[in-house]
Amino acid sequence: LSDVSADRNLKINIISAGECEIYADPDKIRQALWNLVQNAIKFTPNGGRINLHLEQTEDFCHLAVDDSGIGIE
């Protein structure tokens, strides 16, 4: 990621409100996150930003990826 983000001058921020414990297949979670990040990189213009947010509420872990790309209607 760092090579791609540096080549395109993308700023990648990881915003976390602490640790989050889940019971899931780590390979599936890794693949889902990788797909989201690759999509954000693909559609974010040079000089843009990508944010990864992780937050745990009482019963859930919330993971969000947002970027300064064109978005989806």
Side-chain angles (χ1 to χ4, degrees):
L1 280 180
S2 61
D3 290 342
V4 172
S5 61
D7 289 346
R8 300 213 9 242
N9 196 28
L10 298 176
K11 174 84 172 158
I12 299 177
N13 302 302
I14 299 174
I15 304 159
S16 175
E19 293 183 10
C20 192
E21 186 173 333
I22 62 171
Y23 300 98
D25 182 328
D27 291 328
K28 301 267 189 221
I29 296 296
R30 188 177 299 109
Q31 184 63 46
L33 180 57
W34 181 244
N35 289 343
L36 291 169
V37 171
Q38 280 185 312
N39 189 65
I41 290 170
K42 182 177 180 180
F43 291 104
T44 299
N46 293 348
R49 60 135 185 88
I50 299 168
N51 295 321
L52 308 173
H53 303 268
L54 177 65
E55 180 181 25
Q56 182 170 2
T57 61
E58 190 171 312
D59 296 323
F60 298 97
C61 292
H62 298 272
L63 174 65
V65 178
D66 69 75
D67 59 66
S68 57
I70 59 174
I72 300 171
E73 286 188 31

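Atoms considered below: every heavy atom in the structure, side chains included; atoms not considered: hydrogens, waters and symmetry mates.
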ILVMFWY cluster, Val65 and Ile29 together (side-chain gap under 4.5 Å): no
Close side-chain approach of Thr57 to His62, heavy-atom, < 4.5 Å: yes
Residue pairs involving residues 42-51 (criterion salt bridge (charged side-chain N to carboxylate O under 4.0 Å, His left out); sequence neighbours excluded): Arg49-Asp66
Over all atoms of both residues, closest heavy-atom pair of Gln56 and Glu21: OE1-N, 4.0 Å
Criterion side chain to side chain donor-acceptor pair (under 3.5 Å) on Gln31 and Asp27, from CA distance to verdict: CA-CA 6 Å; Gln31 184 63 46; Asp27 291 328; over 6 Å; no
Considering all heavy atoms, the nearest Gly48-Ser68 contact: CA-OG, 3.3 Å
Rounded distance (nearest 0.5 Å) linking atom CG of Asp67 with atom OG1 of Thr44: 3.5 Å
Check: Arg8 side chain, Ile41 main-chain N or O, donor-acceptor pair, under 3.5 Å: yes
Straight-line distance of Leu36 CG to Ile50 CD1, nearest 0.5 Å: 11.0 Å
All side-chain hydrogen bond (donor to acceptor under 3.5 Å, both in side chains) counterparts of Asp25, not counting sequence neighbours: none
Euclidean distance, Lys28 NZ relative to Arg30 CZ, rounded to 0.5 Å: 12.0 Å
Atom of Leu10, atom of Pro45 and distance for their closest heavy-atom approach: CD2-O, 3.3 Å
N/O donor to acceptor pairs below 3.5 angstrom from side-chain atoms of residues 12-20, sequence neighbours left out:
residue, atom, partner, partner atom, Å
Asn13, ND2, Asn51, OD1, 2.7
Ser16, OG, Gly18, N, 3.1
Ser16, OG, Gly18, O, 2.8

Cluster check Val37, Phe43: I/L/V/M/F/W/Y, side chain < 4.5 angstrom: no
